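One-based numbering, in listed order, for ligands and for the atoms of each. Predicted model, so just to flag it, every value in this text is computed and none were measured.
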Amino acid sequence: MFSRDKLSYDPVALPDRLDYEDPRMLAEAQAFFDQMARRHTVRDFSRRPVPREVIETSIRTAGRAPSGANHQPWHFVAISDPAMKSRIRAEAEEEERRFYAGGAGDEWIKALEPIGTNAEKPHLEQAPWLIVVFAQRYGEFADGTRYKNYYVPESVGIASGFLIAALHHAGLSMLTHTPNPMKFLNGALGRPVSEKPIMILAVGHAAEDAEVPSVAMMKKPLDEILTVVGD
Ligand code: IYR
């Protein structure tokens, strides 16, 4: 995306703005909070299909995230193919079995107890879509020469947040899944070594009988996550 031909500063007038009066602004902030507070990480998906256009539009939203030097150091692979989902499930479960059998260490296993996870990952086949998020450690021009990317984890983290918010806004549920290690995804999906898999989002409609861990309802109150300096 980064172009060698456009290296000078060329400002244009701000093309969009939302200029709300304070009461509208407050109402919008509250409405968005209410919407986002209804997002829950879900592991049980129904078989109801999800149109590809919803996934594509949500990834377009992710692509609007800010990024270091606007290099947009991300790539998303959206998978609905059952054979590829099965392969990813099999390879992820292989890693997870090692993780839960001791690779994680005692403290990590204890921390996961209230979340109720284990090495079984049926959702990787049941969810209609898997989206694999890759971070581009460095970029490559068409002629193969490399350029540096900046603030890659931050940029990809922000884009992933946009993606989760967009999918939730469209009425979908998802699981943020991070098999450890995730290198197998490069091989399975044919992505270059310059790209690091960051997470798999299993995306779909929550199953009728979907459950969430009760501890996941406990969110830190504002006074714990915010310090105001000034008024
Ligand atoms: N990757 C494992 C373990 C896991 C780790 C964390 I931190 C979680 O919040 C949840 C799970 C798994 O997916 O089971």
- Query: Given Asn180, Leu112, Thr176, Ile115, which one has a non-hydrogen atom that is nearest to atom 9 (O) of ligand 1?
  - Reply: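 It is Leu112 that holds the nearest heavy atom.
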- Audit row: Glu94, Lys121, salt bridge (charged side-chain N to carboxylate O under 4.0 Å, His left out) steps and yes/no: CA-CA 10 Å; Glu94 210 177 303; Lys121 304 296 176 194; over 6 Å; no
Within a distance under 4.0 Å of any heavy atom of [X], pick out the atoms of ligand 1 and give their elements.
X	result
Phe99	3 (C)
His177	13 (O)
Thr178	1 (N)

What protein heavy atom sits nearest [atom], and how far away is it?
atom	result
atom 12 (C) of ligand 1	Lys121 NZ, 3.2 Å
atom 7 (I) of ligand 1	Trp108 NE1, 3.4 Å
atom 2 (C) of ligand 1	Glu96 OE1, 3.1 Å

- Task: Would you check if the side chain of Asp81 reaches a backbone N or O of Met84 as a donor-acceptor pair within less than 3.5 Å?
- Result: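 It does hold such a pair.
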- Under 30°, 30 to 60°, or over 60°: which ring-plane class applies to Tyr147 and Phe141, parallel, tilted or perpendicular?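 Taking Phe141 first and then Tyr147, their aromatic rings sit tilted (interplane angle of 30° to 60°).
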- Task: Please lay out, stage by stage, how Lys110 and Glu107 fare under the test salt bridge (charged side-chain N to carboxylate O under 4.0 Å, His left out).
- Result: CA-CA 5 Å; Lys110 234 185 155 41; Glu107 185 174 353; over 6 Å; no
- Query: Is Glu93 paired with Arg89 through a side-chain N to carboxylate O contact shorter than 4.0 Å?
  - Reply: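 A salt bridge is present here (some side-chain N lies under 4.0 Å from a carboxylate O).
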- Message: Taking side chain to side chain contact (heavy atoms under 4.5 Å, CB included) as the criterion, tell me which of Leu167, Ile79, Leu201 meets it with Ile55.
- Response: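 Checked Leu167, Ile79, Leu201 against Ile55; only one passes side chain to side chain contact (heavy atoms under 4.5 Å, CB included): Leu167.
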